[in-house]
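Taking it in order: structure first as structure tokens, then the write-up.
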Amino acid sequence: MTNKEVIEALQQIRTYCTAPQLDNLNYVIEVMEKFEKAGVEKPLEADFSKLKN
């Protein structure tokens with residue numbers, strides 16, 4: 001599954017979320033969009049341990 005597919009699926013799920021869940025879901029969507037923009041194709045397999053904040 002690609003990042004774009006995940007983002008699209010999460011955006012569709014947003015329709016069914018309750019208000020308290022929306023903030024969390026929007027956060028996850030933002031994270032996935034940042035991965036996509038940064039070129040991280042497989043975030044679950046990426047090694048982020050050497051990144052600085």
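Atoms considered below: every heavy atom in the structure, side chains included; atoms not considered: hydrogens, waters and symmetry mates.
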> Is the side chain of Q21 donor-acceptor paired with the backbone N or O of T18 at a distance under 3.5 Å, no angle test?
Replying inline: yes
> Does the side chain of T2 reach to within under 4.5 Å of the side chain of E41, using non-hydrogen atoms?
Replying inline: no
> Measuring from C17:SG to L22:CG, what's the distance to the nearest 0.5 Å?
Replying inline: 5.5 Å
>> I'd like to know if the side chain of E8 and the backbone of E5 have a donor-acceptor N/O pair within less than 3.5 Å.
In response: no
> If you group Ile, Leu, Val, Met, Phe, Trp and Tyr by side-chain heavy-atom gaps below 4.5 Å, do V6 and V31 land in one group?
Replying inline: yes
> Rounded to the nearest 0.5 Å, how far apart are CD1 of I29 and CD1 of I13?
Replying inline: 8.5 Å
> Rounded to the nearest 0.5 Å, how far does CZ of F35 lie from CG of L44?
Replying inline: 8.5 Å
>> If you count heavy atoms of other groups shown closer than 6.0 angstrom to CZ of F48, is the number above 12?
In response: yes
>> Just verifying a value: how many Å separate E33 CD and L10 CG, rounded to the nearest 0.5 Å?
In response: 9.5 Å
> Hey, quick one: are M1 and M32 part of the same hydrophobic cluster, counting side-chain heavy atoms closer than 4.5 Å, chains of contacts allowed?
Replying inline: yes
>> Donor-acceptor pair, distance only, cut-off 3.5 Å: does the side chain of N3 make one with the backbone of V40?
In response: yes
> Checking side chain to side chain contact (heavy atoms under 4.5 Å, CB included) for the pair R14/N26: CA distance, chi angles, key distance, verdict?
Replying inline: CA-CA 8 Å; R14 188 172 16 199; N26 286 333; 2.7 Å; yes
